[in-house]
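Report on the structure given below.
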Amino acid sequence: MMYKRIFLVVADSVGIGYTKESKVYNDEGANTIGHIAKQSNGINLPNLESLGLGNITEILGVNKTNTPKGSYGKCDELSIGKDTMTGHFEMMGVHTTKPFKTFTDTGFPDELIKMLEYKTGHKIIGNISASGTEILKDLGEEHLKTKSMIVYTSADSVLQIACHEEAFGLEELYKACSIAREICMDERYKVGRIIARPFLGDNKDNFKRTANRHDYALSPEVKTTLDYLKESNFDVISVGKINDIFNGCGITKAFKSPTNHEGMNTTIQLCKNENFTGLCFVNLVDFDALYGHRRDVNGYKNCLEEFDYDIGILMSELKEEDLLIITADHGNDPTWSGTDHTREYVPLLVYGKKAKSIDLKIRKTFADIGQTIAFNFNVKKQEIGTSFLTDIKEIN
């Protein structure tokens, strides 16, 4: 075991440029971080720059360095899709060959809606593909009057239910989502996630989603590296929505985080104070949920710069036997058309006091990350992915 603790941080949706497969998804030309930097006349990311971010691709304001502290490269995606679950599952060894069902163009079938109304006892309004903030402006006041649940979807494989946290009740919303998850286990409606979207406010001008979101995801169809770590008595600590994404599979301890900054602060405190042996797996969703889908370039830029500051603190707290891996799960170029994710390469930055700096080049699959973790802890290996553990080993 080279590293006692590995911190894997997923900067959700921070893609780094289009791939050969991007044209299949109408994303040829997308570049999340590159376009944000260009449209902002540069971006200031000194800590990520020091790890080699500027060595991966050209980013305005982020320099290429001759002596990066970390190893750097980018990962291509092997699976079909460009969503959160596909990306995270592949990192941990799952090759998704059949995309999760989407209902973007049609809304959900009438029979599903009627069944959900019958089993929850609540009428449903909406049933369209929509922005989570815009649909509150359109239907939030009607929801307050009628207590009908707002059901909507997006370009992702999701069924989302938005209800007022106080007027409707948080527990009632969670109950309805659990029922929806049960109904959507039927192959005809099998979406990847049911998402509870509670909100507060009393009119369309001040409706605001709260931090009490909860995802009801499908479990991976096969065991992941997380399962093998847990079965071998290693710690698998999740921060953010990792526990939801994997439906609790392979997780030994979970921490929620309502914002990126709080997620990073939790990770920093774990690094400082928890003497665990295993993996700390972190998802930071603000990039995607607050800025990518809303096509907010300036907000995304500011969020990246805040993240860079927090990464600097985490780096300073790492111990001799720690390893930090920074990556993403897909792209979400806020300058691109529509409000969907974008199929892109994701960055790969690796740093540790016992790790050397090399060019990790283009990895064929996100699963190289999970395979590296599996090799480090000597647990069962996955069928896909190539470890880069020996590549970064410092020669004594």
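Nothing here was measured: the structure is a model prediction, and the numbers come from that model.
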Does any pair with a residue in residues 368-388 pass side chain to side chain donor-acceptor pair (under 3.5 Å), and if so which ones, sequence neighbours excluded?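 Qualifying pairs, neighbours excluded: Arg363-Asp368.
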
Has the side chain of [X] got a donor or acceptor atom that lies under 3.5 Å from a matching backbone atom of [Y]?
| X | Y | result |
| --- | --- | --- |
| Thr104 | Ser154 | yes |
| Lys4 | Phe276 | yes |
| Lys353 | Leu318 | yes |
| Arg193 | Met85 | no |
| Ser71 | Ile358 | yes |
| Thr339 | His293 | no |
| Asn47 | Asp308 | yes |
| Thr96 | Thr86 | no |
| Asn55 | Lys64 | no |
| Glu49 | Asn63 | yes |

Tell me which pairs pass salt bridge (Lys or Arg N to Asp or Glu O under 4.0 Å) where either residue lies in residues 276-303, with sequence neighbours left out.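 Qualifying pairs: Lys301-Glu305.
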
Contact list for residues 76-87, test salt bridge (Lys or Arg N to Asp or Glu O under 4.0 Å), sequence neighbours left out: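 Output for this query lists Asp27-Lys82, Glu77-Arg343, Lys82-Asp340.
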
With a 3.5 Å cut-off and no angle check, do the side chains of [X] and [Y] form a donor-acceptor pair?
| X | Y | result |
| --- | --- | --- |
| Gln39 | Thr335 | no |
| Thr19 | Glu21 | no |
| Glu165 | Asn212 | yes |

Could you pull out the closest heavy-atom pair between [X] and [Y], with the gap in Å?
| X | Y | result |
| --- | --- | --- |
| Pro334 | Tyr300 | CG-CD1, 4.1 Å |
| Tyr3 | Ala355 | OH-CB, 3.3 Å |
| Phe108 | Asn127 | N-OD1, 2.7 Å |
| Asp329 | Phe366 | O-CE2, 3.4 Å |
| Leu144 | Gly201 | CD1-O, 4.0 Å |
| Lys190 | Glu187 | NZ-OE2, 3.2 Å |

For the hydrophobic clusters of this structure (ILVMFWY residues joined by side-chain heavy atoms under 4.5 Å, transitively), does one cluster hold both [X] and [Y]?
| X | Y | value |
| --- | --- | --- |
| Ile195 | Ile124 | no |
| Tyr189 | Val191 | yes |
| Val282 | Tyr351 | yes |

Go through the structure and list residues passing side-chain contact (heavy atoms from CB on, under 4.5 Å) with [X], not counting sequence neighbours.
| X | result |
| --- | --- |
| Asn273 | Gln269 |
| Asp138 | none |
| Lys101 | Phe103 |
| Glu262 | Pro258, Thr259 |

For the atom pair [atom1] ([X]) and [atom2] ([Y]), what is the distance rounded to the nearest 0.5 Å?
| X | Y | atom1 | atom2 | answer |
| --- | --- | --- | --- | --- |
| Cys177 | Glu172 | SG | CD | 10.5 Å |
| Asp359 | Lys74 | CG | NZ | 10.0 Å |
| His122 | Cys163 | NE2 | SG | 7.5 Å |

Is atom CD of Glu182 surrounded by more than 12 heavy atoms (other residues, nucleotides or ligands) closer than 6.0 Å?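 It does not: Glu182 CD has 12 such atoms or fewer within range.
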
Might you confirm whether atom NZ of Lys147 has over 12 heavy atoms from other residues, nucleotides or ligands at distances under 6.0 Å?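 Yes, the 6.0 Å shell around NZ holds more than 12 heavy atoms from other groups.
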
Donor-acceptor contacts, no H, no angles, side chain residues 241-250, under 3.5 Å, sequence neighbours left out:
residue : atom : partner : partner atom : Å
Asp244  : OD2  : Asp215  : N            : 3.4
Asn247  : ND2  : Ser219  : OG           : 2.8

When Ile, Leu, Val, Met, Phe, Trp and Tyr are grouped by side-chain heavy atoms lying under 4.5 Å apart, directly or through other members, which residues fall in the same group as [X]?
| X | value |
| --- | --- |
| Leu60 | none |
| Ile384 | Leu78 |
| Ile80 | Val24, Tyr25 |

Looking at side-chain heavy atoms only, is the closest gap between [X] and [Y] below 4.5 Å?
| X | Y | answer |
| --- | --- | --- |
| Tyr174 | Tyr216 | yes |
| Thr225 | Leu279 | no |
| Leu200 | Glu166 | yes |
| Phe287 | Asn260 | yes |
| Leu324 | Met315 | yes |
| Lys253 | Asp235 | no |
| Leu290 | Cys303 | no |
| Thr102 | Thr153 | no |

Any idea how His164 and His143 line up, ring-wise: parallel (<30°), tilted (30 to 60°), or perpendicular (>60°)?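 Ring orientation of His164 relative to His143: parallel.
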
Over 60° means perpendicular and under 30° means parallel, so tell me whether His341 and His330 are parallel, tilted or perpendicular.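 Answer is parallel, since the angle falls under 30°.
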
Decide yes or no on side-chain contact (heavy atoms from CB on, under 4.5 Å) for Met2 and Leu389, but give the supporting numbers first. CA-CA 9 Å; Met2 280 180 58; Leu389 188 69; 3.7 Å; yes

Looking at Lys145 and Glu142, is any side-chain nitrogen of the basic one under 4.0 Å from a carboxylate oxygen of the acidic one?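 The answer is no: the pair does not qualify as a salt bridge.
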
Check this for me: does any side-chain nitrogen of one of Lys114 and Glu117 sit under 4.0 Å from a carboxylate oxygen of the other?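 Here Lys114 does not pair with Glu117 in a salt bridge, since their nearest N and O are not under 4.0 Å apart.
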
Can you name the one residue among Leu360, Leu349, Ile362, Leu48 that meets side chain to side chain contact (heavy atoms under 4.5 Å, CB included) with Ile56?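 The residue from Leu360, Leu349, Ile362, Leu48 that satisfies side chain to side chain contact (heavy atoms under 4.5 Å, CB included) with Ile56 turns out to be Leu349.
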
Given Tyr345 and Thr57, is the side-chain contact (heavy atoms from CB on, under 4.5 Å) satisfied, shown in steps? CA-CA 11 Å; Tyr345 289 112; Thr57 191; over 6 Å; no

Can you name the residues that form a side-chain hydrogen bond (donor to acceptor under 3.5 Å, both in side chains) with Lys272, not counting sequence neighbours?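 Counting only residues at least two positions away or on another chain, Lys272 forms no side-chain hydrogen bond (donor to acceptor under 3.5 Å, both in side chains).
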
With side-chain contact (heavy atoms from CB on, under 4.5 Å) as the test, would you mind laying out the steps for Ile33 and Val62 before giving the verdict? CA-CA 11 Å; Ile33 196 166; Val62 179; over 6 Å; no

Please report the C-alpha distance between Thr224 and Phe89 in whole Å, then the side-chain angles of each, then the deciding distance to 0.1 Å, and finally whether the side-chain contact (heavy atoms from CB on, under 4.5 Å) criterion is met. CA-CA 8 Å; Thr224 72; Phe89 282 9; 5.8 Å; no

